[in-house]
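Accompanying notes for the structure given below.
As the structure lists them, so they are numbered: ligands from 1, and atoms in each ligand from 1. Atom set for the values below is all heavy atoms of this structure, side chains included, hydrogens, waters and symmetry mates excluded.
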Amino acid sequence: MDTITLKGRSLLTWLDYREEEIRFLLDLAKQVKAEKQNGESRRRFAGKTIALIFEKRSTRTRCAFETAFGEEGGHPVFLSTQDIQLGAKESIEDTARVLGRMFSAIQFRGFKQSTVEALALYSGVPVYNGLTDSFHPTQALADIMTLEENFGKAPGRKLCFVGDGRNNVARSLMVICAKLGVHFTVITPAGLNPAGDLVETCRALARTTGAEINVTPDLGEVAGADAVYTDVWVSMGEEAKREERFRLLASYQVNQALMDRTGRKDSIFLHCLPAVKGEEVTSEVIDGPQSRAWDEAENRKHTIKAVMLATL
Ligand code: CP
Ligand code: NVA
């Protein structure tokens, strides 16, 4: 088997990564979590800097990057659009070129996937996608880690995403599941199906890993699921769609009755957070015994640290 080396790589979408590379990152994240739990402290980012650019708000992603980098001796710098020129008075290319001269790496959270791609193209340093309208890859890595903490190796497991099937979280899960051989079902009303070209791409990838990728409006498809996943009905930047989403998704709430339709007492509930309790999920489920949402949130930090350790 090839030695896995990811030095210098960006993480923009899991489409750019091979199955063995994702497996390597998952194993590294587990190691990093164990080190933390054993109280081990290292300084593997000493002398390094990372620019954390945020066009949209964040609790978990910002805090995961900032603490993971800082506790290893690195210096994170938070930059909101109130602080820097980013496509406003200066082109994204020029900002990227300058940041690349000053920082070891860049994290970007914002609207367009093309922005994070331009940062990667022009900065010359590793760039990490901390969420765009299209993808949320670091989230998906933490989700698979959490699945594996509960069920062992993820390949062959069944994950059902219930809700807005066209959003960034559903799309990233579809890609990582296809790459790793995890069966993935998007349960969503017809108006919110994930883009057909991405579904086709994932199905083609899945042919080599044995994953089944399904899109259906049928809530009964949660039967047998190891994990039921949901996300907000209205993603950041889509606030104008609120009424339409409620109309389409009202019957897609993850409540205990839906969890029971898995037919399994050991099935788990996942949510990337932030959650709007009473909308996409009930308190009973997210605060209940099947929920792993808080482990999942913690795992954001370990997986993000693993990605930075591997690529820096
Ligand atoms: N899950 C997630 O990305 O959370 P934040 O929006 O708080 O970063
Ligand atoms: N789909 C959500 C994810 C938040 C982490 C959003 O984009 O707002």
Side-chain angles (χ1 to χ4, degrees), residues 11-14 29 50 52-69 76 78-81 106-113 115-116 128-147 159 161-176 186-189 192-195 198 227-242 244-246 248-249 252-254 269-277 279-281 286 291-308:
L11 172 54
L12 309 182
T13 155
W14 290 118
I50 185 168
L52 304 176
I53 305 174
F54 284 84
E55 285 180 342
K56 293 177 177 173
R57 288 188 189 190
S58 168
T59 300
R60 281 142 287 270
T61 307
R62 176 187 175 175
C63 296
F65 270 100
E66 203 158 322
T67 58
F69 202 69
F78 176 79
L79 300 166
S80 79
T81 45
I106 298 168
Q107 182 280 165
F108 172 80
R109 163 171 289 201
F111 294 91
K112 294 184 189 158
Q113 185 72 11
T115 306
V116 79
Y128 312 118
N129 178 356
L131 178 148
T132 61
D133 292 345
S134 304
F135 292 110
H136 196 5
T138 63
Q139 178 69 52
L141 193 64
D143 302 337
I144 297 295
M145 180 179 179
T146 312
L147 190 69
L159 174 59
F161 180 95
V162 180
D164 175 10
R166 37 146 301 291
N167 86 9
N168 42 17
V169 168
R171 288 166 53 91
S172 277
L173 284 170
M174 195 186 319
V175 177
I176 205 167
V186 182
I187 304 179
T188 191
L192 296 174
N193 280 345
L198 186 72
V228 177
Y229 196 121
T230 193
D231 183 13
V232 289
W233 287 346
V234 185
S235 286
M236 289 180 279
E238 300 187 328
E239 289 73 16
K241 303 250 184 216
R242 195 171 166 81
E244 179 193 311
R245 289 292 160 72
F246 274 65
L248 289 169
L249 288 167
Y252 286 81
Q253 183 187 64
V254 179
F269 170 75
L270 297 173
H271 193 309
C272 56
L273 305 174
V276 189
K277 297 179 190 180
E279 291 186 9
E280 76 275 5
V281 63
I286 195 168
S291 175
R292 298 293 179 275
W294 318 109
D295 292 338
E296 189 184 359
E298 178 191 330
N299 288 339
R300 296 296 309 288
K301 174 166 172 171
H302 306 304
T303 45
I304 281 171
K305 187 187 274 190
V307 168
M308 294 192 293

By side-chain hydrogen bond (donor to acceptor under 3.5 Å, both in side chains), which residues pair with Arg166, not counting sequence neighbours? Asp164, Glu238
Kindly identify the option in Thr132, Thr61, Thr59, Leu131 whose heavy atom sits closest to atom 4 (C) of ligand 2. Leu131
Against the six-membered ring of Phe135, is Arg171 placed for a cation-pi contact (under 6.0 Å from the centre, within 45° of the normal)? yes
Is there any protein N/O under 3.5 Å from an N/O of ligand 1, and what does the full list of such pairs look like?
from	atom 1	to	atom 2	distance (Å)
ligand 1	1 (N)	Gln139	OE1	2.9
ligand 1	1 (N)	Cys272	O	2.9
ligand 1	1 (N)	Leu273	O	2.8
ligand 1	1 (N)	Arg300	NH1	3.3
ligand 1	3 (O)	Thr61	OG1	3.0
ligand 1	3 (O)	Arg109	NH2	2.9
ligand 1	3 (O)	His136	NE2	2.8
ligand 1	3 (O)	Arg300	NH1	3.1
ligand 1	4 (O)	Arg60	NE	2.8
ligand 1	4 (O)	Leu273	O	3.3
ligand 1	6 (O)	Arg109	NH1	2.7
ligand 1	6 (O)	Arg109	NH2	3.4
ligand 1	7 (O)	Thr59	N	2.6
ligand 1	7 (O)	Arg60	N	2.8
ligand 1	7 (O)	Arg60	NE	3.1
ligand 1	7 (O)	Arg60	NH2	3.0
ligand 1	8 (O)	Ser58	OG	2.6
ligand 1	8 (O)	Arg60	N	3.4
ligand 1	8 (O)	Thr61	N	2.8
ligand 1	8 (O)	Thr61	OG1	2.7
ligand 1	8 (O)	Arg109	NH1	3.4
ligand 1	8 (O)	Arg109	NH2	3.1

Those atoms of ligand 2 less than 4.0 Å from some heavy atom in Met236: 6 (C), 7 (O), 8 (O)
Atoms in ligand 2 with a heavy atom of Leu273 nearer than 4.0 Å: 5 (C)
Using the side chain to side chain contact (heavy atoms under 4.5 Å, CB included) rule, pick out the option among Leu12, Val307, Val116 that qualifies with Tyr128. Val307
So which bit of Asn168 gets within less than 4.0 Å of ligand 2, heavy atoms only: side chain, backbone, both or neither? side chain
NZ/NE/NH1/NH2 to OD/OE distance under 4.0 Å, Arg62 and Glu66: yes
Can you tell which of Asp143, Thr146, Thr61 makes a side chain to side chain donor-acceptor pair (under 3.5 Å) with Arg300? Thr61
Heavy atom of the protein closest to atom 3 (C) of ligand 2 (residue, atom name, distance): Asp231 OD2, 3.6 Å
Around atom NZ of Lys56, are there more than 12 heavy atoms of other residues, nucleotides or ligands at under 6.0 Å? yes
